[in-house]
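We number each residue from 1, following the sequence as shown. The structure displayed is predicted, hence computed values, not measured ones.
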Amino acid sequence: MYQIIYASFFIDDDEGFQTLLAEYFSKKGIEVVSVLNGAAGIRLLDEKSIDIDVVVLDLMMPEMDGFETLTAIRRQGDLPVIMLTALEEETGRIVGLEMGADDYLHKPINPRELLARVKANLRRTKAAGSDSPEKKDADTVPAPGGSDTMGIFLDPDRGGAIINGRPVELTRVEFDILRALMRSEGRIVTRDRLMDLSRGREFEAYDRSIDVHISRIRKKIEENPARPRWIKTVWGKGYKWEGDAV
């Protein structure tokens, strides 16, 4: 008898693949809800009749492809999304990450690896929701001048940020990366370390996903992303948070 502790949502047009993963995941304590296309998936999410913790989303599907479905999911909130594709081109993965995907896997997929990715996203979700109020001060970087409304404040309860008094939505990966940088203010954080913090797993040596995430964060928090004030690139090493940089 297995205890169901989380629910994952598979949106994929390969019914045999879904059946295989559902059996494997259920034995590991994760319930699987599945549909065969993006349109059906969005309708089910809109109904809010099921509680979903993470979405596993195929890129190539009828009616609505993975990109369209991801866009619709992001309009609803920051539910973690792992995208799957049989395509080898790196462009698709980068576009998916830029649109808000939290992770990416190539088919054919090892169920054990997919389970590890799902669990990593679930851990991030749980960690973001369990931050105590005492930790919030460590996630605050006031802007020069001392104004109470100016600066960057992370909101662990909502998983977002407040930039100079303006609320900004962040995906869970973006939130984790931004928090790691802010807590290491003035110190270089390597790309490897940021990947480890944001994904909780080992990754490919030439994986450029972290650079895509940094680009997305800059577009959300920087006045001029091309000349970032807060997140500095340290070429050949990683990134650094400059709280009072001009």
Side-chain angles (χ1 to χ4, degrees), residues 52-55 70-71 73-82 97-103 120-200 209-234 237-246:
I52 297 299
D53 299 290
V54 61
V55 175
L70 176 60
T71 299
I73 292 173
R74 281 290 162 258
R75 284 198 292 264
Q76 295 185 356
D78 64 349
L79 192 65
V81 177
I82 301 172
L97 291 170
E98 288 177 338
M99 293 177 65
D102 296 278
D103 208 344
N121 277 275
L122 292 173
R123 284 196 299 270
R124 287 202 302 271
T125 302
K126 183 177 180 181
S130 62
D131 279 338
S132 63
E134 290 75 19
K135 289 185 178 180
K136 291 186 179 180
D137 290 340
D139 297 329
T140 299
V141 179
S147 171
D148 291 337
T149 61
M150 301 299 288
I152 296 183
F153 306 84
L154 292 188
D155 183 354
D157 295 330
R158 192 173 56 86
I162 299 174
I163 314 296
N164 297 333
R166 173 177 58 91
V168 174
E169 295 296 327
L170 299 170
T171 68
R172 296 193 185 280
V173 172
E174 291 167 355
F175 182 89
D176 290 342
I177 291 173
L178 184 55
R179 178 168 55 181
L181 287 169
M182 291 174 67
R183 288 182 172 178
S184 300
E185 181 178 352
R187 303 192 301 274
I188 297 172
V189 184
T190 66
R191 292 175 65 256
D192 294 26
R193 179 58 179 158
L194 286 174
M195 269 296 202
D196 184 52
L197 287 170
S198 65
R199 289 190 180 180
S209 301
I210 191 66
D211 303 318
V212 176
H213 289 307
I214 291 291
S215 176
R216 282 168 43 194
I217 294 170
R218 280 173 170 163
K219 289 178 181 178
K220 292 182 178 183
I221 72 170
E222 301 279 5
E223 291 185 8
N224 183 358
R227 299 184 62 185
R229 169 185 177 181
W230 303 100
I231 301 177
K232 299 292 187 179
T233 300
V234 182
K237 295 183 179 179
Y239 296 94
K240 181 169 63 172
W241 180 266
E242 295 286 0
D244 293 323
V246 178

Item to complete: Look only at the side chain of Arg183 and the backbone of Leu178, and say whether a donor-acceptor pair between them is shorter than 3.5 Å.
Response: no

Worksheet entry | Option among Ile52, Val54, Asp53, Ile73 that satisfies the side-chain contact (heavy atoms from CB on, under 4.5 Å) test with Pro80 | Val54

Response to the item:
For Thr233, the side-chain hydrogen bond (donor to acceptor under 3.5 Å, both in side chains) test, sequence neighbours excluded, returns Arg218

Worksheet item: Are Ile221 and Ile231 side-chain neighbours, meaning at least one heavy-atom pair lies under 4.5 Å?
Response: yes

Discussion item. Would you compute the distance between atom NE2 of His213 and atom CD1 of Ile177 and round it to the nearest 0.5 angstrom?
Written reply: 5.0 Å

Worksheet, complete the sentence: Interatomic distance, CD@Glu223 vs CZ@Arg229, rounded to 0.5 Å, equals 7.0 Å

Fill in: Closest non-hydrogen atom pair, Leu170 against Gly160
CD1-C, 4.0 Å

Worksheet item: Of all heavy-atom pairs between Leu194 and Ala180, which one has the smallest distance, and what is that distance?
Response: CD2-CB, 4.1 Å

Worksheet item: Is any side-chain heavy atom of Asp103 less than 4.5 Å from a side-chain heavy atom of Val173?
Response: no

Worksheet, complete the sentence: Sorted by chain and number, sequence neighbours left out, side-chain hydrogen bond (donor to acceptor under 3.5 Å, both in side chains) with Lys220 holds for Glu174

Discussion item. Glu222: which residues meet the salt bridge (Lys or Arg N to Asp or Glu O under 4.0 Å) condition with it, sequence neighbours left out?
Written reply: none

Discussion item. Between Asp102 and Ile82 (side chain of the first, backbone of the second, donor and acceptor by atom type, cut-off under 3.5 Å), is there such a pair?
Written reply: no

Fill in: Set of residues satisfying side chain to side chain contact (heavy atoms under 4.5 Å, CB included) with respect to Gln76, sequence neighbours excluded
Ile42, Leu45, Asp46

Worksheet item: Are Trp230 and Ile163 side-chain neighbours, meaning at least one heavy-atom pair lies under 4.5 Å?
Response: no

Response to the item:
Rounded to the nearest 0.5 angstrom, the OG1-NZ distance for Thr190 and Lys240 is 14.0 Å

Response to the item:
Nearest heavy-atom approach of Ala161 to Leu154 is CB-CD2, 3.8 Å

Item to complete: Could you grab the distance from atom CG of Leu79 to atom CG of Leu70, nearest 0.5 Å is fine?
Response: 10.5 Å

Practice prompt. Could you pull out all residues at least two apart from Ser215 that satisfy side chain to side chain contact (heavy atoms under 4.5 Å, CB included)?
Written response: Lys219

Discussion item. For Arg75, give me all partners under side chain to side chain contact (heavy atoms under 4.5 Å, CB included), at least two apart in sequence or on another chain.
Written reply: Thr71, Ala72

Discussion item. Is the shortest side-chain heavy-atom distance between Ile214 and Arg191 below 4.5 Å?
Written reply: no

Discussion item. Checking Ile152 against Trp241 for the side chain to side chain contact (heavy atoms under 4.5 Å, CB included) test, could you report, in this order, the C-alpha distance in whole Å, the side-chain angles of both residues, the deciding distance, and whether it holds?
Written reply: CA-CA 12 Å; Ile152 296 183; Trp241 180 266; 3.5 Å; yes

